[in-house]
Amino acid sequence: MSKFADVIVDVATQDTNKTFQYQIPSQLSDLVKVGSRVEVPFGRRKIQGFVVTIKSTSSFSGKSKNLLSVIDEFPPLNSELLHLSDQLASHLLTYRISVIQTMLPNVLKANYQRFLQPTDSISESTYQQLFQNQETKQLPLNQIKDYELIKLIQKSLKNKETKIVYQVKNKAKDKVTTQIDLGLGMPVYQKLLASIRSNATNQQKLLKFIIKNPQKFPIIQTQLVKEAELSTNFLSEVEKKGWIKRSKIQINRNPLADLTIQNEASAKVLTQEQETAVQAINHALAKRQKQVFLLEGITGSGKTEVYLQTIAKALTNQKQALMLVPEIALTPQMVRQVFARFGAKVAVLHSGLSDGERYDEWRRINGQEVDVVVGARSAIFAPLQNLGLIIIDEEHESTYKQEENPKYHAREVAKWRAKYHQAVLVLGSATPSLESRARAQKKRYQLLLMTKRPTQLALPQVDLIDMTQAHFSSQLDLSDELITGIKQTIAKKQQVILLLNRRGYANFMLCRDCGYVLKCPHCDISLTLHKDTQQMKCHYCGYEASIPKRCLECQSTRIKFFGSGTQKIEELLQQLIPESTILRMDVDTTRRKGGHQKILDAFGNHEADVLLGTQMIAKGLDFENVTLVGVINADSGLSFPDFRSSEKTFDLLTQVSGRAGRASLPGKVLIQTYNPNHYAIQLAKNHNYEGFYQKEMAIRRQGQYPPYFYLNLITVTSKLEQKAAMVAFKIKSLLKKELSDQALILGPTPQAVTRLKDHYYYQILIKYKVEPKLYSVLNTIKTQAFDSKKDKVNIYLDVDPYQFN
DNA sequence: AGCACGCCGACT
DNA sequence: GTCGGCGTGCTC
C-alpha cells in the first residue's frame, strides 16, 4: 500500500504556507521519515521541502505527484522542532518554511541550479552554438548575462530544440581529509633504511620518522608532511611502492581546536548566595518539572559558577543542558569556562563559525553526541532531545530578539521548549528585563538574588561628570576630569576601558554658510565620516561616497564635521595623552573573523593602556588590571524614540561599570553626561537596580507599555510614499473596526528615518491587554491584497517589537 | 519565488 | 501577424 507525505515546500509566500501532498514511491518508503528533507516536483521545477506527516490515505482531491528523493541520511528535524515550527510560525505570523530554515544550519538551505539540455530535435547549428564547449552536454543557466546568448536560448526553447532541467544541489558537504597508515611491518622498514641510497634524503627522513614514531600511525597527511618535513608529492610516490597506504576519512571541523584549556576545570567553592541558588535550581532539576528561575546577581557576583554547577547537576541526572549567551565572540571567557569544565561533551554554535563548522557542530548535536550546547540566539533551536536545563545568560539583552524575519525572541522559544521537555529554565542577569523581573514579582518565576561579590570587593565608585559645567582644555568631547583620570590610571600601569556608543569619525557634515547637511541618497540619514578609509558612509545601507572639499549646495569651503565617533576620540586622545597606547574596538575594527579575539588578547596582555569601543566592550569582559571605566556620552541612548531607552541606558551603564575593579584592585567609573539628574543615570551611579525597576515600572504603567501591555508593530513600506501611507490608514481603520475599544491603536506615523534604501516606512503600533480577535485580524491584513504587484506595498508584523527606528 | 498564460500595444 | 512587456494566478 502506498503512502503519502505532507511536505512544507521551500517557497516562502502566503499562498504556499501550507503542506503539499506527495506520493511516496515504494523504493523510497524506507527512507522517507517525518522530518526528512526531500526533493519534490513543484510546477515545472524541482524544489526542496520538509516532510511533516506521513499517512496512508490521500487527502488531496487532485492527483499527487511522486516524491523524488530523500536528501539526508538522517532527518534534520525531529517531532519537537516540527511542532515548534508550526506554533512559532502562527505566533509570529510568518511562514513555516522561514522558521524551519532558521532552525537549521545554513548549508541545509537549498541551492537550485538550472541546466539547458538538447532534445532529440535539435539542429546541428544550434547544438554547435550552445553545447560545443560543454563536456557534459548541458549548459548551466544560473548566471548567464550575455544578451545574445539569452536570445538564442529562448529561441531554442521555443522550437523545442532544448529543454530546461532543474537540480536541487545539496550544499552540505562533509569535510574529508587524507589519512596515512603503514603498509609494511616494522622490520621491513628497518631493512629498507639500511639498504637505501645515502642521497635519498626524503626516503630516509620518512623511514626514520616511521621507526621513531610507529604509534603515531595512522596519521593525518598534513600532519605527517609538517612533522617529517616531506611533500605530498613524495608521499604519493612512496605509496606506489607500497610503503604507506592513503585513505580518505571524514572529520569534523573543530571550532574549539585552538582554545587552550585553562586549569579551572574543578568546581569552585560557593558563597552562601550562590549555594542557595544552586540548591534551588538543583532541587527543581531533580523533580523534572518545568520551572523558571530569575537569577538576579550583580556584576561579579559569580553567576557563571552557578550555571556551571547546575549544568553539572543536569548531566548527572542524565539530562542535557543548553546555554545561551548574547554573542559568543564577545564572551569568549564564558565559553572557555564551559569547555574547560565539560570538555568533549560541549558543542558551540554562533555566528562566528563558518557554515561548515556550524554544520559539523549541529550534526554532533543532532546525533546526540554532546550533552552541553553553548551558543548565541539561534542555538535555542539546537536539536537536543533530552533537555533538562536551559540557561539564558544576560537575559535582558536585545540580541535575543531577532530583527529579521522570523522575528522571534529566544527567551520565548526557551519557555516553549522548557515546557515541552519539562525542563528548568534559568534567566540570569545583573539587570533583568522589566518583563522578567515583573513575572518574578508575580511569583510566576522564582527569584534568586545574589547581591555580593565572592571577592568581597566593593562595587566601583561611580562619579558623574556634568558636561554642562565641566572644564575642557581643548575639544568638547573629553572633559579635563576624565583626561586626568585616564592619565593617573596609566601612570599607575593600570588600564582603562572607554565607552563611546558611536562609530566612525564624525556623524554629520554641515555647511556653515548654507546649512546643508550631506545625506545618503537612499536613506534620510546623514553620512558618517570615516577617516581611516577616507569615506563618507551610511550606517543604515552601507552607501559610500568620497569626502567633499566643498559644500555640494553652495560650493562654500566652510564645511565642518560634527558629532564625535570612536575614530575621532581615538585621534583626540592620542593628542592629549601622547604616551598612551590605544586599542579601538567597534564593528569597523572587528569585521574579520577572530577580530574581537585579537583585540581582546592584545588588551589582556597589556599591549595597550586604553580600550576604546562601542557597546561591544560593555559585556562580560573580565580584565583584572582595569581600574578605570569612562563613559564618554551616557546620553546617546536616551534620545531614541523607544520606550526602552531608559532601560537600555541603565543596563549599559551598569554593565560597563562592572568592568572596573574585577580583581584585587579597586575600580572607578567616570560618566560624562548632559543629564546628570536623569533617573536612569542616577540609579546606575548608585548600582540600584531594584530602585530602577520600581521607578521604570511606574513609568511603563503610566505610558501603557510592557510589561503592563502587549505590543504589536505593523510596518507598511513602499517605494511610493503616498501608497505606503494610504495602505497604513486602511489597516488602521480595519483594526479600529475589529478590535475592542480597550486596544490602543497608534499611528500611522512615518518612521523616524522616513526613507531607508529608497523605501518609505509607515508604522502602526497596537497596545493591548486581551484581544482574542487580534490574530485573526492580523492574518487577514497579511493575506489581504492592499496592492497590485506593480507598485509593491509590503506589510511587516512584529510581535513584541524591540526596535522602533 | 518562479513560471506560464493571456492580454495589449508596437513593430517588421 | 508576431514579438515582448506586464499583470494574474498557480504550484500537491
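Residue numbers begin at 1 in each chain, while the letters A, B, ... track the order of the sequences. Because the structure is predicted, anything quoted here is derived from the model rather than measured.
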| field | Residue pairs involving residues 20-60 of chain A (criterion ring-ring contact (aromatic ring centres under 6.0 Å, His included); sequence neighbours excluded) | value |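 Of all non-adjacent pairs touching residues 20-60 of chain A, those that pass ring-ring contact (aromatic ring centres under 6.0 Å, His included) are Phe20(A)-Phe42(A).
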| request: State plainly whether the residues Glu80(A) and Arg417(A) are in salt-bridge range, i.e. N to O under 4.0 Å. | output: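 Yes, charged N to carboxylate O under 4.0 Å.
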| query | Do Glu361(A) and Arg358(A) sit within salt-bridge range, that is, some charged N less than 4.0 Å from a carboxylate O? | reply |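 Salt bridge between Glu361(A) and Arg358(A), a charged N being under 4.0 Å from a carboxylate O: no.
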| Does CD belonging to Gln27(A) count more than 12 external heavy atoms closer than 6.0 Å? |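 Yes, CD of Gln27(A) has more than 12 neighbouring heavy atoms, counting only those of other groups under 6.0 Å.
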| note | Pairing string of DNA chain C (Watson-Crick or G-U wobble, both atom distances under 3.5 Å; | = paired to other strand) is |||||||||||.
Rounded distance (Å) that lies between atom [atom2] of [N] and atom [atom1] of [X]:
X         : N       : atom1 : atom2 : value
Lys163(A) : dA4(B)  : NZ    : P     : 15 Å
Tyr22(A)  : dC12(C) : OH    : P     : 5 Å
Ile164(A) : dG2(B)  : CD1   : P     : 13 Å
Ile153(A) : dC3(B)  : CD1   : C1'   : 17 Å
Gln21(A)  : dC12(C) : CD    : P     : 12 Å

| field | Sequence-distant partners of Tyr95(A), ring pair (Phe, Tyr, Trp, His ring centres under 6.0 Å), two or more places apart | value |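 Partners of Tyr95(A) by the ring pair (Phe, Tyr, Trp, His ring centres under 6.0 Å) criterion come out as none, since no residue qualifies.
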| request: Check ring pair (Phe, Tyr, Trp, His ring centres under 6.0 Å) between His530(A) and all other residues, then give those that pass, not counting sequence neighbours. | output: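 For His530(A) the ring pair (Phe, Tyr, Trp, His ring centres under 6.0 Å) partners, ignoring immediate neighbours, are His539(A).
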| request: Look at the aromatic rings of Tyr359(A) and Trp362(A) and report parallel, tilted or perpendicular, splitting at 30° and 60°. | output: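 Ring orientation, 0 to 90° scale: parallel.
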| query | Would you call the rings of Tyr400(A) and His409(A) parallel, tilted or perpendicular, where under 30° means parallel and over 60° means perpendicular? | reply |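 The rings of Tyr400(A) and His409(A) sit tilted, inter-plane angle from 30° to 60°.
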| request: Please list, by residue number, the residues of residues 31-55 of chain A whose heavy atoms come closer than 4.0 Å to an atom of DNA chain C; answer none if no residue qualifies. | output: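 By residue number: Pro41(A), Phe42(A), Gly43(A).
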| Lys/Arg cation over aromatic Tyr802(A): Arg644(A), 6.0 Å, 45° cone |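 Relative to the ring axis of Tyr802(A), which defines the angle, Arg644(A) lies inside both limits.
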| query | Looking at residues 6-18 of chain A, who's got a heavy atom less than 4.0 Å off DNA chain B? | reply |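 By residue number: Val11(A), Ala12(A), Thr13(A).
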| field | Centroid-centroid under 6.0 Å between His83(A) and Trp416(A) rings | value |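 Yes, the ring of His83(A) comes within the 6.0 Å limit of the ring of Trp416(A), centre to centre.
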| message | Just checking Phe643(A) against Phe804(A), ring centres under 6.0 Å apart? | response |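 When the ring centroids of Phe643(A) and Phe804(A) are compared, they turn out to be within the sub-6.0 Å range.
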| said: Under 4.0 Å from OP1 or OP2 of dC3(B): is there any side-chain N or O of Tyr166(A) that close? | reply: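 Affirmative; the distance criterion is met.
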